[in-house]
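Remarks on the structure that follows.
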Amino acid sequence: MQKFIVNGGRRLRGELALQGSKNSALPIMAASLLCGEDCVLKNCPELTDVYAASRILNCVGCKCSFSDNTAVISSGEITANTIPEELMREMRSSIIFLGAMLGRTGECTVCCPGGCELGPRPIDMHLAALRKMGTDIKESYGRIICRVPEKAHGARISLPFPSVGATENIILFAVTAEGETVINNAAREPEICDLCGFLRCCGAEISGDGESSIVIRGKEKLHGCEYSIMPDRIAGATYLCMAAATKGEIILTNACVDAMEPFLSVLEQTGCSIYTAEKRIFLRSGARLKAVNDRIRTMPHPGFPTDAQAVLMAALVTAEGTSVFEENIFDCRYRHTDALVKMGADVQVLGKIAVIKGVNRLYGANVEATDLRGGAAVTAAALAAEGVTEISSISHIDRGYERLEDAVSRLGGSIKRVYTNSTSTC
Ligand code: UD1
């Protein structure tokens, strides 16, 4: 078991190059299954979720190698069409392999992803769309057995909610299906555009990504390509919140400024000075932060991202005044608040609302990372707190942040990864 030991109270200062995006890398790795040739993915973050995705690719017959943030995926031969339960459970978003596997082999068996640390993770929209495009789906004892009896065909699909994963699965299935697919009320997240950018490089015909209606014209065959994965806007939001919380001053390079705009416009309301230039974001936070006056509502892009809710909260717990969050995407996305309260924060949660009354200071404590972004939020709070914080269950953090402790240390924070045999620290 590993823990972070954080000695708080140091301002973060300096320059940091942003890692590649986890939420782009995963669907793009799934997409490379469709090519049958080598795909070279640059700026690929080295994360446990990315390694879990490569294990899924390996188990269906692909070869993956990593070096210096470049992944090479060879999908010449697919040798299996079942994704074992342990790999599905390792990473909830493994369901995005379903559309790509069906597109490539016409058959795929996965297990129900079930609930996760954010609450129930239903896949009804994914399955309804795949059915509409010609897939027979049987659910039996927790397994989902999918088969395309004839050629997959395009369809008009209107999503009841702009689900990121469902939009990705439909795109992945549609790029090699016969005819045209139209997705109405599609997710507009920047990572969807990155996936489509990659698929276009492989020969796919897609238009409208980044808007609510995406049109895909299926192609017989795709080919391999070399592609650079976009920077991670949520890791960017995290490091900016850490700097804001510690009254620091940082420059993010390799940043996706436009994709981060919905987050930056809210962060700016805390009184931080934020300047952007091409691929660079500068933040200075000299004085005490101010609470955000308007309710911070998490919404699908271009709304405020749910993935940045926890890290912004960590900065706002010591701001002057009261901030209010409304979490509209996931049911259980306030699990980090217990740790913040243990460190001295004043946070009240009622259903989808969290009310944060700014306190003067936080104090170090023994706390747990309950999920990926919640873990990052607790780390941000620990960096701002007086004294030492021990954070357990940091494997959640490793799913999405590339060597977080190295990035924070480069910015002057005091954080150490330690290895321990104990099973609990709280
Ligand atoms: C993706 C991101 C995740 C982010 C989320 C929302 C990846 C790997 N993960 O997750 O970091 O927080 O988008 O921006 O990219 N839903 C259904 N039925 C479905 C599908 C979804 O009810 O068939 C619901 C979910 O339970 C959730 C909401 O829709 O309440 C949004 O989920 P979705 O956009 O699908 O998120 P993910 O793709 O799982």
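All values below were derived from every heavy atom in this structure, side-chain atoms included, with hydrogens, water molecules and symmetry-related copies excluded. For clarity, every value in this text was computed on a predicted model and none was experimentally measured. All ligand and atom numbering here is 1-based and tracks the order in the structure.
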Interfacing atoms of ligand 1 (cut-off 4.0 Å, heavy-atom, [X]):
X    : value
R333 : 12 (O)
F161 : 28 (C), 29 (O), 31 (C)
T306 : 6 (C), 12 (O), 14 (O)
G165 : 35 (O), 38 (O)

Can you name the one residue among V317, V355, D338 that meets side chain to side chain contact (heavy atoms under 4.5 Å, CB included) with V347? V317

As a test of understanding, state which of Q309, E368, R373 forms a side-chain hydrogen bond (donor to acceptor under 3.5 Å, both in side chains) with H336.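 When Q309, E368, R373 are each tested with H336, the side-chain hydrogen bond (donor to acceptor under 3.5 Å, both in side chains) holds only for Q309.
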
Got more than 12 heavy atoms from elsewhere within 6.0 Å of CD, E15?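 Yes, the 6.0 Å shell around CD holds more than 12 heavy atoms from other groups.
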
Tell me if the CZ atom of R143 is crowded by more than 12 foreign heavy atoms within 6.0 Å.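 Atom CZ in R143 is not crowded, with 12 or fewer foreign heavy atoms closer than 6.0 Å.
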
Judged by atom type as modelled, is there a donor-acceptor pair below 3.5 Å linking the side chain of N185 to the main-chain atoms of L159? yes

Check this for me - ligand 1, K22, N or O atoms closer than 3.5 angstrom, yes or no? no

Does the N or O separation between S163 and ligand 1 drop below 3.5 Å for any pair? yes

Taking only Lys NZ, Arg NE, NH1 and NH2, and the carboxylate oxygens of Asp or Glu, determine whether D398 and R417 approach each other closer than 4.0 Å.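 Looking at D398 and R417, the cut-off is met.
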
Intermediate values then yes/no, side-chain hydrogen bond (donor to acceptor under 3.5 Å, both in side chains), K352 and N328: CA-CA 7 Å; K352 52 162 69 174; N328 292 306; 3.0 Å; yes

Per-residue contact class, [X] against ligand 1 - non-hydrogen pairs under 4.0 Å:
X    : result
V164 : both
S93  : side chain
I329 : both
D307 : side chain
E327 : neither

If the contact criterion is a heavy-atom separation under 4.0 Å, does [X] count as touching ligand 1?
X    : answer
P122 : yes
H126 : yes
M299 : no

Step by step, would you call R333 with T306 a side-chain hydrogen bond (donor to acceptor under 3.5 Å, both in side chains)? CA-CA 8 Å; R333 217 161 192 186; T306 174; 2.8 Å; yes

Under the ring-ring contact (aromatic ring centres under 6.0 Å, His included) criterion, do Y334 and F325 qualify, and how do the steps go? CA-CA 10 Å; Y334 287 135; F325 284 87; 7.3 Å; no

